[in-house]
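Shown next, in structure tokens, is the structure this report addresses.
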Amino acid sequence: MLRKIPILTAKESVSSAAAVALPKTSESPQLLKIRHSMSHVMAMAVQQLFPNARVTIGPWTETGFYYDFDNPDPFTEADLKAIKKGMIKIINQKLPLQRVEVSRAEAETRIKAQNEPYKLEILEGLQEPITLYTLGEKWWDLCAGPHVEHTGQLNAKAFELESVAGAYWRGDENRQQLQRIYGTAFETPEQLSEHKRRIEEAKRRDHRRIGTDLDLFSIEDEAGAGLVFWHPRGARMRLLIEDFWREAHFAGGYELLYTPHVADIDLWKTSGHLDFYRESMFGPMTVDEREYQLKPMNCPFHVLTYASTLRSYKELPIRWAELGTVYRYERPGVMHGLMRVRGFTQDDAHVFCLPEQISDEILKILDLTETILSTFDFRNYEINLSTRPEKSIGDDAVWDLATKGLTEALQRKGWDYKIDEGGGAFYGPKIDLKIEDAIGRMWQCSTIQLDFNLPERFGLEYVAADGSRQRPIMIHRAIFGSLERFFGIMTENYAGDFPFWLAPEQIRLLPVTDEVMGYAETIQSELSAAGIRSRIDRSGERLGKLIRSGEQQKIPVLAVIGAQEAEQGTLSLRSRRQGDLGSVGRSQVLQAATAANAARAAGLELGAS
RNA sequence: GCCCUUGUAGCUCAGCGGUAGAGCACUCCCUUGGUAAGGGAGAGGUCACGAGUUCAAUUCUCGUCAAGGGCUCCA
């Protein structure tokens, strides 16, 4: 008999294909006009309602538009409603938008007549011809366009004002704080509702929500902002991730290090971090009249480890990795769940190698990166190669060699990449990798950076074949970046529906009656002995409730145990990803679960019984 | 750090100048129930923290801390 079970397929769990496509602004010339014009309509509506509001800039963004105002009073939610109404009125009037070319002098006269100081400042930076757009007869704005021909081409049912936020004039925090109103607009109401659906979807996946619901982690007021508490379920997942990470690194020829959490502040003077990042570091502490610093980076420690003995060229490449927890002072107001915290764990590694080894080493890193990320179902990447900036150290020959090494490795790997000319750090070129999640968002996690600076500062050497002392090339790399942040991204990618191997509780045993509790306990100890994470639901509720709780907690496999199962030595399996798996022998379940863990699989593979 | 919003039970939220409520979760009792909520009872709150106004503050004002949306920043 077929049962009606809402089944989450593997496909759905990682991607929810949308029927309505939502182009980015830059991908649709028409949408660009709509959004750009919409911001002008909004500005006009605002000035009708708030005559004291001064206009500044109002560009489109990839997902909508905004306009920054200088207004004596902050805008409220109620104001947004009124502004929206005003916009609809303007749209319905089908006002023409017309491009007008004027001389600088005329533009200046017109702006002064309207008392718009910000516009005047914008004008200073413009070159002739100066263009402005009129909206109807009374309102106009300095603008290069393009715009729709008249507001009738804007759909009054396909736009929304979304939020008010503070923003600085010209993005400079020392200048006037402005009121920014964000909005979005589409060609059709269907697109708008799809846009809203996606916002809801992102909310549903929010790792902060899931972290609380599934009891994975918390951040405690009493302890301080940006400091993460891993609860047992989250800690178990983190451990699984770390175990996998270690295994992959040993297989990739790395050795692991453990280094201290604090060290003499001189280390950070030598490394140069103190000069550059003092404001982003936790303050120093004095012990025995010596100043110590909580570590914001692991690299100096790895460098010291390298320097602890004389190295031969025969030892290179040296690959050392560490899950190193670092602390950085983040300004209040910038923390965000696990994504931006003050204490986090870098999956940091440093490779010390010869110049001619660069290409091979980078390729190995790219391979390892792919191995690790794809295990979490991140398979689409966006790669950037950043080259030498103007202000930088090291001589041209080394930069060329290094950049060539990175390029060569990317080509050998067969990955497409973009070049960010001059985007490298002052101390070396780098490769950054972004991963795409299930709903199309890009997240930068992995980074591979060459560093000519630290080996220099710490005087690192190796003895070359000819007996001379040479400076090794140093590569910094992180794959997850921050373990905390990656955990957040991964959680949102899976929407909390973790693959079988990673779930903190893999199988929940649901006894139909108390009579089968003994059998359930036997199964549970069998599973535990095999390293499979299971629990018996002892709440004593009816089966329907047990199922509901299990599904709400996103347990990958629910195993119903009744008199029938106890008698036959089976379990009735219900998988979140695979649906009803029917009645399965206990040894077969054990086998399949063990195999799934070993293979780090998303679900169980049950052979014919 | 800056702008706006918020902070009431573990979670989601209601409430209000006279000292506290709901749903879910939790505990106990009844029910032994077969694939997304069985019934009943109970416990649980310095209303974030500090100060001020007031006869009286969870409620109003100010400050602090934290969270959310942005801005700025991010080795």
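Below, read A as the first sequence line, B as the second, and so on, with proteins coming before strands; counting in each chain starts at 1.
- Only the P atoms considered, B/A41 is 12 Å distant from B/A22, to the nearest whole Å.
- As rounded to the nearest Å, B/G18 and B/U31 have P atoms that lie 46 Å from one another.
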Checklist entry - Stepwise, does the side chain to side chain contact (heavy atoms under 4.5 Å, CB included) test hold for A/M38 with A/W60? => result CA-CA 9 Å; A/M38 207 53 105; A/W60 52 269; over 6 Å; no
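- Using a cut-off of 4.0 Å between Lys/Arg side-chain N and Asp/Glu carboxylate O, A/E121 and A/R175 are scored as salt-bridged.
- The separation of B/U8 from B/U58, taken at their P atoms, amounts to 15 Å, rounded to a whole angstrom.
- Here the OG1-CG distance, from A/T56 to A/D70, works out to 8.0 Å after rounding to the nearest 0.5 Å.
- The C1' atoms of B/C74 and B/A20 are separated by 44 Å, rounded to the nearest whole Å.
- Here the side chain of A/R574 is nearest to one of B/U12, B/U35, B/G34, namely B/U35.
- Across every strand in view, B/A36 sits unpaired, with no contact that passes the Watson-Crick or G-U test at under 3.5 angstrom.
- Salt bridge A/E484/A/R342: absent, no basic N to carboxylate O contact under 4.0 Å.
- Across every strand in view, B/U12 sits in a pair with B/A22 that passes the Watson-Crick or G-U test at under 3.5 angstrom.
- The nucleotide B/A48 finds its pairing partner in B/U64, both defining distances of the Watson-Crick or G-U wobble pair being shorter than 3.5 Å.
- Side-chain atoms of A/R542 and base atoms of B/U31 include a donor and an acceptor less than 3.5 Å apart.
- B/C62 sits 12 Å from B/C4 when the P atoms are compared, rounded to a whole Å.
- Of the candidates A/R485, A/R208, A/R441, A/E492 forms a salt bridge (charged side-chain N to carboxylate O under 4.0 Å, His left out) with just one, namely A/R441.
- Between A/D266 and A/K269, at least one side-chain nitrogen of the basic residue sits less than 4.0 Å from a carboxylate oxygen of the acidic one, meeting the salt-bridge criterion.
- Summarising the base pairing, B/U53 is matched to no nucleotide, lacking a Watson-Crick or G-U wobble pair whose two defining distances lie under 3.5 Å.
- Nucleotide B/U27 is matched to B/A41 when pairs are restricted to Watson-Crick or G-U wobble geometry with both distances under 3.5 angstrom.
- Closest to the A/D221 side chain, of the nucleotides B/A66, B/G34, B/A36, is B/A66.
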Item to check | nucleotides 69-75 of chain B: protein proximity per nucleotide (B base, S sugar-phosphate only, - neither; heavy atom, under 4.0 Å) | outcome: BBBBBBB
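- For A/R209, the side-chain atoms get nearest to B/U12 when compared with the rest of B/G38, B/U12, B/U35.
- Note: CD (A/Q552) to P (B/C11) measures 17 Å, nearest angstrom.
- Under the Watson-Crick and G-U wobble criteria, each requiring two contacts below 3.5 Å, nucleotide B/G17 is left unpaired.
- Between the side chain of A/E565 and the base of B/G34, at least one donor-acceptor pair of N or O atoms lies under 3.5 Å.
- Ionic pairing of A/R548 and A/E551 is not present here: no N-O contact between side-chain nitrogen and carboxylate oxygen is shorter than 4.0 angstrom.
- Taking atom C1' in both B/G50 and B/A43, one finds a spacing of 31 Å when rounded to whole Å.
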